[in-house]
Amino acid sequence: MIKEVTDAPEAEARIGRLRLLEALLFASADPLDEETLAGRVGPEVGVLLEELRAHYAPRGVNLVRTGGGWAFRTAVDLAPELRREEEVSRKLSRAAIETLAIVAYHQPVTRAEIESIRGVATSKGTLDLLMEHGWIRPGKRRETPGRPLTWITTDHFLDHFGLETLRDLPSVDDLRAAGLLDSRPVLLGLGTTGDDSALGADDEA
Amino acid sequence: MIKEVTDAPEAEARIGRLRLLEALLFASADPLDEETLAGRVGPEVGVLLEELRAHYAPRGVNLVRTGGGWAFRTAVDLAPELRREEEVSRKLSRAAIETLAIVAYHQPVTRAEIESIRGVATSKGTLDLLMEHGWIRPGKRRETPGRPLTWITTDHFLDHFGLETLRDLPSVDDLRAAGLLDSRPVLLGLGTTGDDSALGADDEA
Amino acid sequence: MVDWVAEREADSAASAEASPSEQLLLVLDGFEGPLDMLLALGRDQKVDLTRISILELADQYLAFVAEARKVRLELAADYLVMAAWLAYLKSRLLLPEPEGEEPSGEDMAAALAFQLQRLEAMKGAAAQLFARPRLGIAVHSRGAPEDLDLRRKSVYEVTLFDLLRAYGQQRARKDAGVLHIAPVRLYSMEEAVRRLSSLLGHMPDWATLASFLPGGEGGGLLTRSALAAHFAATLELAKSGRVELRQEGAFAPLYVRGRRQGGRDGDISEETHSHD
């Protein structure tokens with residue numbers, strides 16, 4: 001990993017920064033953002049991170065980028081040998097799983113929009129459960145009549161599902177190209193009791 | 001790190017074991033003893049551990065033998081640069097969280113109003129703590145008899161909770177819709193139990 | 001019996017002995033609402049969702065609802081609204097398009113097909129998402145993190161969720177003892193049948209269905225569900241021979257009157273949606 005550099009003291013300092021970066025990332029279970037890391041190892045942190053990433057790429061532990069941060073994670077291909085029982089989502093309901101996907105792919109999305117896509121009212125215990133898992137959070141209010149609250153995914157969502165950015169969501173480009181991520185007005189307002197006006201307003205936005 | 005071995009499939013299997021060993025040690029909360037590791041990677045675990053130890057020796061993270069087991073630790077010589085914060089993060093008391101929430105939702109709000117909303121006396125320490133933390137600050141005095149001091153939230157509050165403006169706080173209706181305002185009796189201190197039942201209920205829905 | 005019902009039953013050994021209503025309940029149990037059920041019906045057409053026959057789908061769904069009503073299974077209002085809407089869509093697709101501002105039957109069918117495709121896409125996306133190597137299950141973080149606390153400016157760990165939950169629980173405690181049950185703002189068919197039955201006694205001659213509708217309070221979905229429920233109720237009553245229906249043409253007002261003693265008038269076109 002350590003490149004031969006002619007200037008010995010400079011090379012040593014660089015190795016020192018690389019070791020520190022490695023230790024910082026290793027010590028933390030959660031991703032660390034580049035700004036925080038730069039504060040500890042200096043402005044060339046981007047180059048050092050790439051070097052570390054390359055070094056760890058073939059190993060059993062990888063350096064991965066997720067959201068705005070970097071973290072060490074066990075290699076994906078070792079999953080079968082490391083698989084633990086699903087403790088996080090022992091029994092996520094279909095409603096919760098679908099709702100999370102809709103928030104992920106349609107964000108920022110209002111509850112009325114989620115309901116119009118699913119065709120049923122959102123049961124209590126769905127959004128709060130997803131929020132408790134740290135996967136979604138309230139976003140900005142939509143600047144339409146009623147100013148409905150929107151929901152968006154968190155960085156922890158990306159981390160949990162091993163995504164670097166939202167662009168890496170499975171099939172997201174295909175779905176968008178097929179127009180399936182449009183919040184086009186629907187003719188049949190199922191499940192959205194009372195929120196019809198707010199829904200109509202959302203769709204125009 | 002990986003030695004050249006003439007027999008290619010054997011070399012590959014060995015790399016596989018080494019990677020698994022690396023991942024196991026990384027992900028484990030406690031040091032792992034050789035017997036446990038041998039159960040996962042085979043009888044030659046001793047040789048593999050030595051190989052890993054040698055690989056990590058010059059790095060920012062070392063493989064160390066501790067007690068009867070093996071574990072990764074950040075390099076001892078980096079300790080000064082990795083020095084932990086002395087104060088370990090603590091959980092905010094329930095009273096403090098509630099008080100903060102009431103200030104956020106009802107600001108500007110006087111201490112007497114907070115008490116009447118919570119139904120219990122608010123210790124002075126709670127408001128002081130929240131203020132020391134930079135989450136709340138005194139606002140204008142209320143122009144009523146006694147001119148009581150009001151409390152409002154700060155920009156740091158918004159920052160900490162990832163809110164752009166106070167208007168992005170979910171409304172009571174939003175909370176109810178999300179399942180966060182539950183009319184079922186709340187058992188204080190039994191949050192986990194409550195969550196489990198919510199999970200179950202959701203599955204049935 | 002609708003064949004997909006039978007197909008689903010085969011999955012469950014427990015359903016082998018079940019009565020028809022229990023079987024329907026089992027079927028209903030598996031769905032997240034009427035759109036989800038339509039999607040399942042659509043999949044059974046075994047064609048690409050983009051080439052799905054909405055007409056066939058409507059027939060299958062209406063057959064299901066008819067079946068449910070035959071065994072006196074109470075369907076959630078959402079299912080009945082969907083049934084009324086599909087019956088309407090079907091008439092729009094089969095009859096010549098009227099002049100007017102309303103979207104055409106083709107447009108309505110296309111919109112429904114889009115809704116189904118979008119829901120299908122989201123189900124697929126959810127499955128792909130949850131098939132990914134997830135943190136804590138397939139991929140693992142450092143098991144023994146050394147808490148360096150680099151970023152945390154505050155020593156207290158409290159998330160937005162903690163804050164909102166605390167406020168929600170505090171509010172709930174304050175409201176404790178008062179159980180708020182949001183009223184279902186949908187008109188049920190049972191209500192409509194009762195209402196029509198009692199009203200018909202007072203109506204000697206033909207009257208439009210619209211004249212039987214309850215007053216406009218509530219508006220929006222409530223009014224639409226009242227129309228749907230009353231429409232379904234007239235069909236039910238016509239089927240049991242208690243009312244006669246008349247309509248001059250497609251989309252003309254629907255007239256209703258109580259069945260008379262003597263034979264039927266020549267110009268009555270009885271509309272029934274029975275599925276034998």
Side-chain angles (χ1 to χ4, degrees), chain B residues 23-31 71-74 82-102 104-105 117-119 129 133-135 156-157 159-163 169-170 172 174-176 178-186 188 191 194 204-205, chain C residues 25-26 28-37 76 78-79 126 130 133-185:
Chain B
L24 286 168
L25 288 164
F26 168 82
S28 173
D30 301 305
F72 278 118
R73 293 280 183 263
T74 51
L82 293 174
R83 205 180 321 112
R84 304 174 189 209
E85 299 272 328
E86 283 309 309
E87 274 182 290
V88 181
S89 84
R90 277 180 283 164
K91 289 269 180 224
L92 201 58
S93 76
R94 196 185 166 77
I97 296 178
E98 259 185 44
T99 303
L100 182 59
I102 289 167
Y105 275 93
I117 292 169
R118 290 193 64 222
L129 178 80
H133 244 75
W135 282 327
H156 176 65
F157 166 85
D159 200 34
H160 181 96
F161 291 101
L163 298 165
L169 269 179
V172 170
D174 291 326
L175 292 180
R176 185 173 288 120
L180 284 159
L181 200 162
D182 204 326
S183 298
R184 285 173 307 179
V186 177
L188 296 186
E204 287 153 31
Chain C
L25 268 177
L26 277 176
L28 269 180
D29 241 15
F31 293 110
E32 298 266 345
L35 200 59
D36 193 33
M37 174 183 274
D78 272 359
Y79 284 85
F130 278 82
R134 293 163 58 193
L135 187 63
I137 297 164
V139 169
H140 304 278
S141 60
R142 178 78 179 111
E146 298 165 42
D147 196 358
L148 298 180
D149 216 352
L150 295 176
R151 294 169 297 171
R152 220 177 281 133
K153 286 170 196 149
S154 113
V155 289
Y156 286 105
E157 215 178 320
V158 51
T159 65
L160 184 60
F161 176 75
D162 296 331
L163 187 78
L164 299 181
R165 182 166 60 179
Y167 189 66
Q169 288 179 350
Q170 194 275 322
R171 289 287 296 230
R173 250 199 335 275
K174 218 178 152 194
D175 301 346
V178 187
L179 183 61
H180 298 286
I181 299 174
V184 178
R185 296 178 65 243

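Below, chains carry the letters A, B, ... as their sequence lines are ordered, and counting in each starts from 1.
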Item to check | Straight-line distance of B:Ile97 CD1 to C:Leu164 CG, nearest 0.5 Å | outcome: 11.0 Å

Item to check | Contact winner vs chain C - B:Leu25, B:Asp30, B:Val172, heavy-atom pairs under 4.5 Å | outcome: B:Val172

Checklist entry - When you measure from the side chain of B:His160 to the backbone N and O of C:Val158, does any donor-acceptor pair fall under 3.5 Å? => result yes

Checklist entry - Counting only N and O atoms by type, is there a donor-acceptor contact under 3.5 Å from the side chain of C:Arg142 to the main-chain atoms of B:Phe26? => result yes

Next on the checklist: If we define contacts as heavy-atom pairs under 4.5 Å, which of B:Pro31, B:Ala23, B:Ala101 has the most with chain C?
Outcome noted: B:Ala101

Checklist entry - CG/B:Leu180 to CZ/C:Arg171 distance, rounded to the nearest 0.5 angstrom? => result 13.5 Å

Checklist entry - Quick one: CG on B:Leu175 to CD on C:Gln169, what's the gap to the nearest 0.5 Å? => result 11.0 Å

Item to check | From CG (C:Leu163) to OH (B:Tyr105), nearest 0.5 Å | outcome: 7.0 Å

Item to check | C:Tyr167 side chain reached by B:Glu98 side chain, heavy atoms, under 4.5 Å | outcome: no

Item to check | Heavy-atom closest pair, residues C:Ala144 and B:Ala29 | outcome: CB-O, 3.4 Å

Next on the checklist: Please rank B:Leu163, B:Leu100, B:Ile117 by heavy-atom pairs under 4.5 Å with chain C and give me the top one.
Outcome noted: B:Ile117

